[in-house]
Amino acid sequence: MSTSTPRVTAIIPARYQSNRFEGKPLALIQGKPMIQHVVERAQGVDLLSQVVVATDDERIARVVEGFGGAWVMTRREHATGTDRLAEAASLLGLADEDVIVNIQGDQPLFPPEIVEQVARPLIDEPN
């Protein structure tokens with residue numbers, strides 16, 4: 001059992017297909033795609049070791065790469081963002097003791113302090 005502090009990774013599930021708003025992660029807000037706003041806000045959280053977009057679409061991957069973000073390609077058939085997150089964690093080779101924070105790709109104005117609020121108890125009490 002490791003006594004080191006676990007890494008905290010934010011994974012942002014983002015898919016292009018949607019019944020209500022196809023391509024939502026790429027919708028422009030003040031000249032930037034929504035997914036870029038989410039990634040940049042997450043990158044400002046000191047607690048996070050890494051921020052990764054989990055997508056099933058090449059268009060989203062290209063945009064994320066274009067602004068310097070990290071991404072992993074997941075399967076299309078996931079029923080939920082949580083399923084996409086689990087696959088991304090596996091693809092990233094995250095350790096069992098690492099903490100994963102799910103940040104929704106359509107919440108460009110999420111309060112950054114919430115990441116600390118959800119991750120801190122898992123870091124302080126890993127059991």
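The structure presented is a predicted model; accordingly, all values stated were derived computationally and were not measured.
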Please answer: with hydrophobic residues joined when any side-chain heavy atoms are less than 4.5 Å apart, are V53 and L94 in the same cluster?
no
Below 4.5 Å, heavy atoms only, C-beta onward: do I12 and V39 meet side chain to side chain?
yes
Go through the steps for E40 and Q36 under the test side-chain hydrogen bond (donor to acceptor under 3.5 Å, both in side chains), then give the verdict.
CA-CA 6 Å; E40 289 175 350; Q36 184 173 354; 2.8 Å; yes
How far does CD of Q50 sit from CD1 of I100, to the nearest 0.5 angstrom?
9.5 Å
Sub-4.5 Å side-chain heavy-atom contact between W71 and I60
no
Is there a path from V51 to I11 through hydrophobic residues (I, L, V, M, F, W, Y) whose side chains come within less than 4.5 Å of each other?
no
When hydrophobic residues are tied together by side-chain contacts of less than 4.5 Å, even through go-betweens, does F110 share a cluster with V8?
yes
Report yes if the side chains of V72 and E87 come closer than 4.5 Å at any heavy-atom pair, otherwise no.
no
Distance, nearest 0.5 Å, that separates CD of E65 from CD of E58:
9.5 Å
Under 3.5 Å: donor-acceptor pair, side chain of T55, backbone of A14
yes
Check whether any side-chain heavy atom of V115 sits under 4.5 Å from a side-chain heavy atom of R41, and report yes or no.
no
In terms of hydrophobic clusters joined by side-chain contacts under 4.5 Å, are L26 and V38 together?
yes
Heavy-atom pair with the smallest gap, counting every atom of L28 and P33:
CD2-N, 3.6 Å
Is it true that D56 and R15 have a side-chain N and a carboxylate O under 4.0 angstrom from each other?
no
Measuring from atom CG of D83 to atom CZ of R75, what distance do you get when rounded to the nearest 0.5 angstrom?
8.5 Å
Quick check on D124: does its CG atom have over 12 non-hydrogen neighbours (other residues, nucleotides or ligands) under 6.0 Å away?
yes
Any chance you could measure I35, atom CD1, to R59, atom CZ, to the nearest 0.5 Å?
14.0 Å
Quick one: do V64 and V45 end up in the same hydrophobic cluster if we chain Ile, Leu, Val, Met, Phe, Trp and Tyr together by side-chain heavy atoms under 4.5 Å apart?
yes
Between the side chain of R7 and the main-chain N/O of L48, is any donor-acceptor distance below 3.5 Å?
no
CD/E125: more than 12 non-hydrogen atoms of other groups inside 6.0 Å:
no
Residues in side chain to side chain contact (heavy atoms under 4.5 Å, CB included) with D106, at least two apart?
K24, M34, Q104
Side-chain heavy-atom pair L47, I123 within 4.5 angstrom cut-off
yes
First locate atom OG1 of T9, then atom CD1 of I103, and finally report the distance between them rounded to the nearest 0.5 Å.
10.5 Å
On a heavy-atom basis, which atom in R84 and which in R76 lie closest, and how many Å separate them?
NH2-O, 4.0 Å
